[in-house]
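Worksheet: one structure, shown below.
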There are 2 protein chains.
Amino acid sequence: MSDLTQRQTEILDFIRSQLRETGFPPTREDIARQFGFSSKTGAQDHLMAIARKGYIELVPGNARGIRLLKEEAAELSHQFELPLIGSIAAGTPITAETNVDTWLRVDPELFHPRADFLHRVSGHSMKEANILDGDIVGIHAQDDADNGQIVAAVMPHPRTGEDEITLKRYFRRGKKITLKPENSAPAYKPLEIDLAPLDGDSQEQTPFRIAGVYAGLIRVRG
Amino acid sequence: MSDLTQRQTEILDFIRSQLRETGFPPTREDIARQFGFSSKTGAQDHLMAIARKGYIELVPGNARGIRLLKEEAAELSHQFELPLIGSIAAGTPITAETNVDTWLRVDPELFHPRADFLHRVSGHSMKEANILDGDIVGIHAQDDADNGQIVAAVMPHPRTGEDEITLKRYFRRGKKITLKPENSAPAYKPLEIDLAPLDGDSQEQTPFRIAGVYAGLIRVRG
DNA sequence: TTCTGTACTGTTATTTGGTACAGTACACCT
DNA sequence: AGGTGTACTGTACCAAATAACAGTACAGAA
């Protein structure tokens, strides 16, 4: 899909984020400042390239005359939408564009704490926390959790090795972390992770990280 | 709701339409031209009045620095909201304005079947259907149901006599209707209703009606 | 009656922002 | 070896846009 270069993608993302945050597109100077260019012309060149490739339209003679085109424009008002995150591409932040399956029109502020993204639950491991197979859970992004909270943990799938999100109840005692399913059936075993063999606070070496804490759910079928 | 004057409302609408059509807000001159002002100052005065009343925010020193504020941005699309229905005033249709506690920004089409309104569950009578106290259920409005479906039933509260919504699993056998809670604790007893003593198809005389069928739920706390 | 708010006209100063032109450097393709 | 596209720096001009000041007129509230 994307015949944009890395830099052009970054700039398009910046335009989108500016629209979301400020309500209007950035100027050439805004873009230059954001990316550390010393000249507006750099930004202008990129805009023209992105426009030529059909992602935006530049309206000549108009300040901030940048228009997102077609499917781009639909994503404009993400203000009351949440991304549904599927599988996680290696090395990407969790809410990176590539991990977003779709956007659902649900107000993030409905949840407490506020939801930053959604994830569709697969399996029955949290059944006794009343979270069922197919439920869509709201997750508040944060990288740690309190004991007893339900967390969205990111770790490689045991067979495929691909990063995936799983819900578990989190407990930490010193260097020992327990991720506990809420299902007393014998098939569901708590997962024990020992941080001790790792270098201090470096988490890069463990294939486990907390993406956020459970903030509620949506069940879409009667 | 609107403490804006006629003219101010027109101008706010123009800003909204410009945002939709061009992707960025108008300038003072755009506004002046649209309304036939010969001076930009007229537009500026209006913008400052609208901003003072909290509908927009003006970002000083920025071309087209007009931002719709949250409430305003929401009113752009009434179509992705659902009314939360609390108690039912006597003799009113269920989604009548007076019964609406608030509007929540949730896409009705998320649910299957489509939700027409929301209702906050109180109590534990549907616990074993994984519907908990405090959950917000989506209801698809219809006046009958299939056997075994969970319905939103409207009937007078046993003590106060005020109409209220309760969730129950619905069964009908001839003239006999059973509304069954999903909680095996002895406190929760099925409710039996016999339509036989009533005049044919007239339901006005029975203090029970189906408001719709359960279509899913939202749980807003982790 | 005075004050405040609405609804403008008219003018001007100043900043913001778009855009053209002239370069440099590097990578990739043919 | 030369052409094309990307990714910038640097300068400059001028139109676009904000914003302030000074008015007029009218309407409703204190």
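In what follows, chains carry the letters A, B, and so on, assigned in the order in which the sequence lines appear, proteins first and then strands, with residues in each chain numbered from 1. Here the structure is a predicted model, which means the values were calculated and not measured.
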Starting from the 5' end of DNA chain C, give me the residue, B:S38 or B:A49, whose nearest nucleotide shows up first. B:A49
Side chain to side chain contact (heavy atoms under 4.5 Å, CB included) partners for A:S125, two or more places apart: A:K168, A:P181, A:Y188
Pairs touching residues 125-149 of chain A that satisfy ring-ring contact (aromatic ring centres under 6.0 Å, His included), sequence neighbours left out: none
Who pairs with A:T178 by side chain to side chain donor-acceptor pair (under 3.5 Å), at least two apart in sequence or on another chain? A:E192
Please collect all salt bridge (charged side-chain N to carboxylate O under 4.0 Å, His left out) contacts where either partner lies in residues 24-38 of chain B, sequence neighbours excluded, each pair once. B:D30-B:R33, B:D30-B:R64
Per-nucleotide protein contact string for nucleotides 15-21 of chain D (B base, S sugar-phosphate only, - none; heavy atom under 4.0 Å): -SBBBBB
Whole angstrom value for the distance that separates P of D:dT6 from CZ of A:F37: 14 Å
With sequence neighbours left out, write down each residue that passes side chain to side chain donor-acceptor pair (under 3.5 Å) with A:R7, or none if nothing qualifies. A:E10
Need the bend value for the helix from C:dT1-D:dA30 to C:dT30-D:dA1: angle between end axes, 5 pairs each end, nearest 10°. 30°
Would you please name every residue forming a side chain to side chain donor-acceptor pair (under 3.5 Å) with A:S39, sequence neighbours left out? A:T41
Taking any atom closer than 4.0 angstrom to a non-hydrogen atom of chain B, what span of DNA chain C does the protein reach, first nucleotide to last? C:dT6 to C:dG17
With sequence neighbours left out, which residue pairs that include part of residues 47-58 of chain B fulfil the salt bridge (charged side-chain N to carboxylate O under 4.0 Å, His left out) condition? B:E57-B:R67
Which pairs pass salt bridge (charged side-chain N to carboxylate O under 4.0 Å, His left out) with one or both residues in residues 124-141 of chain A, sequence neighbours excluded? A:D135-A:R219
Sorted by chain and residue number, the side chain to side chain donor-acceptor pair (under 3.5 Å) partners of B:D13 (sequence neighbours excluded) come out as B:R16
What's the shortest heavy-atom distance between B:K40 and B:A32, and which atoms? CA-CB, 4.3 Å
